[in-house]
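Report on one structure; see the data block that follows.
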Amino acid sequence: MSAPTRLIAHLDMDAFYASVELLRYPQLRGQPVVIGGGRAHQPVTGPDGELRFATLRSYAGRGVITTATYEARAFGVHSALSSAIARRRCPDAVFVHGDHAFYSQVSGQIMELFRTFTPLVEPLSLDEAFLDVSGARRLMGEGAEIAARLRAQVLDEVGLTCSVGVAPSKFLAKLASEEAKPTATPRGPVFGTGVHEVRPGDELAFLHPLDVSALWGVGPKTLAKLKNMGVSTVGDLAALPLDPLVAAVGRAHGEHLYALSHAVDDRPVVPDLAPKSVSHEVTFPEDLTDVDDLHREVLRLADSVATRLRRAGLRSRTISVKVRYPDRETVTRARTLEQSTDRSRTIVEVADELLFGLPVHRGVRLLGVAAGNFTEGSEQLSLDLFGSDDAGQGVDGAPAADWDAAYDAVDAIRERFGSRSVGPATLAGRADRPGESPWGPGQEPDQADGQTRGNHG
DNA sequence: TCTGGGGTCCTTATGCTG
DNA sequence: TCTGCAGCATAAGGACCC
Ligand SMILES: Nc1ccn([C@H]2C[C@H](O)[C@@H](COP(=O)(O)OP(=O)(O)OP(=O)(O)O)O2)c(=O)n1
Ligand SMILES: [Mg+2]
């Protein structure tokens with residue numbers, strides 16, 4: 001007996017970060033808008049009381065576009081595009097700095113809404129989730145009908161549009177949602193269908209004409225290898241025997257692609273996935289060479305990782321440091337501890353040692369700290385003794401001696417009260433530095449650092 | 001002035017233990 | 001005792017995704 005056909009929905013918000021910004025700045029609707037990294041830049045209120053937005057023209061930092069409205073996409077601007085190139089393509093696009101905390105909050109609302117349909121919700125990112133709606137059929141009708149209801153309710157309750165794919169498996173549902181997306185044209189965005197269903201029996205007819213690069217896991221490297229083997233569509237891939245495929249792209253990847261090309265995908269929708277790592281990294285506006293700067297930065301990053309571990313009730317056994325040199329060579333160094341920890345002091349010390357085992361005299365373009373290898377069990381109670389909402393940021397500028405004292409104090413408090421949420425920044429207070437701005441001469445508006453925090457269940 | 005930051009999973013090499 | 005090997009943990013690098 002084969003298992004009954006599942007009904008999987010994949011929901012993917014349209015131009016997510018940008019659409020969320022349009023919720024609070026509706027006057028930007030219809031314009032090309034891009035979201036980028038760099039430092040905080042929300043609009044400033046001008047003398048006339050009107051909000052003034054920055055444009056790409058005035059942006060001068062290192063960084064990429066995280067997403068763009070469909071109006072901006074018509075100019076060839078898209079996710080992961082260097083801001084420098086984006087500026088050339090669309091200098092008049094409104095530039096808004098990403099506010100991760102805000103998107104995360106909106107994402108939470110959306111995921112909760114999904115859970116009113118089924119508990120089987122697997123978030124893939126802030127703006128995307130799989131739902132196993134197999135059980136909802138009797139109650140709510142056919143696949144396309146359920147999808148339309150979900151979409152309507154997201155629009156109604158959150159005010160955002162999304163695209164929904166419905167299919168018998170996860171990867172087909174994901175490809176189907178792509179099919180339902182709006183498109184960008186020089187004359188403006190064109191609505192998509194919003195919902196696309198791939199019905200049992202139609203799988204291969206839908207799948208085989210698609211470009212292989214549409215498959216999840218086929219990036220530039222794999223695409224080049226497949227092109228070499230004469231593969232350009234998923235149908236071409238399906239015509240390939242397993243062995244040469246595995247020889248070309250490796251065992252796991254080859255078997256995976258082989259199965260997908262034949263529309264075989266049994267992966268279940270898994271809610272409540274536990275995170276496997278927590279990291280924080282920065283690319284500096286200018287490469288760092290000063291040793292004191294490096295000590296300070298690694299402390300800041302490590303402390304913020306530690307703070308997030310505590311808030312999440314996680315304890316890590318492996319700490320790693322990542323360095324990108326000015327020539328973009330990237331190395332990582334890791335150490336596994338005998339005992340797992342969530343202590344700032346420990347993580348900072350380990351990270352600092354790992355960093356200074358490297359030839360940092362070469363200069364440092366990027367520095368990162370990550371914690372992984374989490375130990376099981378015991379969710380920790382989060383006792384927020386000091387209202388330390390900002391602990392983990394704002395380490396900048398405090399002299400090292402203060403930090404030593406702060407860590408000792410924090411550790412003492414933690415031992416006495418078992419708090420998991422007191423960071424040294426809470427105790428040390430903050431000496432806000434001006435901070436280098438990617439913005440040209442003039443005001444550097446608000447600083448909110450839209451940083452951190454993957455949501456993942 | 002090209003080329004982010006948050007993640008996941010896989011591969012390969014290497015050391016340790018039985 | 002020597003060697004091979006299985007199995008596991010760790011470290012480092014890379015490909016990929018949103
Ligand atoms: N390289 C990327 C890709 C995406 N994102 C962020 C910004 C996106 O808004 C969000 C969702 O990614 P999507 O690929 O779903 O892209 P969008 O939702 O922006 O557009 P759409 O889904 O309509 O194509 O993730 C990012 O930071 N970096
Ligand atoms: Mg999206």
Rounded to the nearest Å, what distance is computed from the NE2 atom of residue His10(A) to the P atom of nucleotide dC18(C)? 8 Å

Roughly, in whole Å, what's the span from CG in Asp99(A) to P in dG5(B)? 17 Å

Name the atoms and distances for all side-chain donor-acceptor pairs under 3.5 Å in residues 235-251 of chain A, with sequence neighbours left out.
{"from": "Asp236(A)", "atom 1": "OD1", "to": "Thr233(A)", "atom 2": "OG1", "distance (Å)": "3.4"}
{"from": "Asp236(A)", "atom 1": "OD2", "to": "Ser232(A)", "atom 2": "N", "distance (Å)": "2.9"}
{"from": "Asp236(A)", "atom 1": "OD2", "to": "Ser232(A)", "atom 2": "OG", "distance (Å)": "3.3"}
{"from": "Asp236(A)", "atom 1": "OD2", "to": "Thr233(A)", "atom 2": "N", "distance (Å)": "3.0"}
{"from": "Asp236(A)", "atom 1": "OD2", "to": "Thr233(A)", "atom 2": "OG1", "distance (Å)": "3.3"}
{"from": "Arg251(A)", "atom 1": "NH2", "to": "Glu255(A)", "atom 2": "OE2", "distance (Å)": "3.2"}

Tell me: NE2 of His253(A) to P of dT12(B), nearest whole Å? 14 Å

Of Thr318(A) and Glu128(A), the one whose closest nucleotide on DNA chain C sits nearer the 5' end is Thr318(A)

I want to confirm an ordering. Mapping Thr283(A) and Arg88(A) to their closest nucleotides on DNA chain B, which one lands closer to the 5' end? Arg88(A)

Between Glu329(A) and Arg362(A), does at least one N-O distance fall below 4.0 Å, as a salt bridge requires? yes

With a 4.0 Å cut-off on N to O distance, would you call Asp342(A) and Arg315(A) a salt bridge? yes

Indicate whether the side chain of Asp303(A) and that of Ser344(A) have a donor and an acceptor atom separated by less than 3.5 Å. yes

On DNA chain C, check which nucleotide each of Val331(A) and Arg317(A) is closest to and give me the residue with the more 5' one. Arg317(A)

Using whole Å, what does the distance between atom P of nucleotide dT8(B) and atom CG of Leu124(A) come to? 12 Å

Heavy atoms within less than 4.0 Å of DNA chain C: which residues of residues 220-228 of chain A have one? Give them sorted by number. Pro220(A), Lys221(A), Thr222(A)

To the nearest angstrom, the CH2-C1' distance between Trp216(A) and dC10(B) comes to 14 Å

